[in-house]
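Computed from a prediction, not measured in an experiment: that's the story for all the values here. Note: hydrogens, waters and symmetry copies are ignored here, and every other heavy atom, side chains too, is used.
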Amino acid sequence: MITGIYPGSFDPITLGHLDIIKRSAKLVDHLVIGVLNNSAKKPMFTAKERVEMIRLSIVGLENVSVETFDGLTVEFAKRKKATVMFRGLRAVTDFEYEIQIAQTNHALNPEIDTVFLTTSVQYSYLSSSIVKEVASYKGEISKFVPASILPAVLKKFESIRGV
Ligand code: ADP
C-alpha cells in the first residue's frame, strides 16, 4: 500500500493542480492532498474554503482525499504514512525553488522522496496567482479552474468588491 501526499497552498485549486492530482493518483494507492494552513502566506481563501473547493474538484477520484496541515510537510507525510510527495514543475523558474525544498525535506526525512511531475503543456502558464489576478479584473476564469468551483471563486471576489 503506497500513500503519497501532494502538498500546496491551492489558493485556489487550478486545472494545473487538478492535472497533477489525477496523474499522481495513478502512481500510488492513496493520495492525500495537503492544504498548507500557513497564515504567513496570507492566502485569499481560508483553509476551510480551499479544502471545500478541492473536495468539489476531486469528486469521482476514489483514491484521493484532502485535509489541512500545519508545520513541516515531512511531518505531515510521516503522519499519513506517506513515502512519496508530489510536486509539479511548470518552468525552469520553478526548478531552483523546488529542488531546494526537496533537498531540505530529504535532509529532514530521507524516508520520503519527492517526485516531480512536469506540467501538461496547456497548463504551463497557470497558477493560483494568475487566477486571482484575472478574476480581480472580472476576467473570464472558466478556462483556469474546475467548473465546480467557479461559483465559489466568483462569490469570493464579489464579497471582496462589496457587491
Ligand atoms: P506552494 O505554495 O506550495 O507552491 P501551490 O498551490 O502554488 O503551492 O502549488 C502546489 C504545487 O503545484 C507546486 O509543486 C506547484 O509547482 C504545482 N503547480 C502549480 N500550478 C501548476 C501547474 N499549472 N501545472 C503543474 N504544477 C503546478
**Message:** Angle between ring planes, F69 versus F76, binned at 30° and 60°: parallel, tilted or perpendicular?
**Reply:** parallel

**Joint cluster assignment, L72 & M85, ILVMFWY side-chain distance < 4.5 Å** =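 Result: yes, single cluster for both.
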
**Request:** State plainly whether one hydrophobic cluster holds both L89 and L117, where clusters connect Ile, Leu, Val, Met, Phe, Trp and Tyr through side-chain heavy atoms under 4.5 angstrom apart.
**Result:**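 No: no chain of side-chain contacts under 4.5 Å links L89 to L117.
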
Considering all heavy atoms of both residues, which atom of [X] and which atom of [Y] are nearest to each other, and what is their separation?
X	Y	result
H17	S128	CE1-OG, 3.4 Å
F116	A102	CZ-CB, 3.9 Å
I5	L31	C-CD1, 4.0 Å
D11	M44	OD2-N, 2.8 Å
T119	R90	CG2-CA, 3.5 Å
K81	T3	O-CB, 3.8 Å

Euclidean distance, [Y] [atom2] relative to [X] [atom1], rounded to 0.5 Å:
X	Y	atom1	atom2	result
R50	L36	CZ	CG	7.5 Å
I21	I33	CD1	CD1	3.5 Å
L154	K138	CG	NZ	11.5 Å
L18	F10	CG	CZ	10.5 Å
I54	S148	CD1	OG	11.0 Å
I99	T114	CD1	OG1	10.0 Å

Heavy-atom distance under 4.5 Å between the side chains of [X] and [Y], does that happen here?
X	Y	value
L61	K22	yes
V51	E67	no
F144	L126	yes
F45	E52	no
L150	S142	yes

**Asked** Would D19 and S120 count as having a side-chain donor-acceptor pair, cut-off 3.5 Å?
**Response**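 Per modelled atom types, D19 and S120 side chains form a pair under 3.5 Å.
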
**Message:** Donor-acceptor pair, distance only, cut-off 3.5 Å: does the side chain of R23 make one with the backbone of T118?
**Reply:** yes

**Sidechain-backbone polar pair: D29 side chain, I2 backbone, donor-acceptor under 3.5 Å** = yes

**Request:** Count the heavy atoms belonging to other residues, nucleotides or ligands that lie under 6.0 Å from CZ of F95, then report whether that count exceeds 12.
**Result:** no

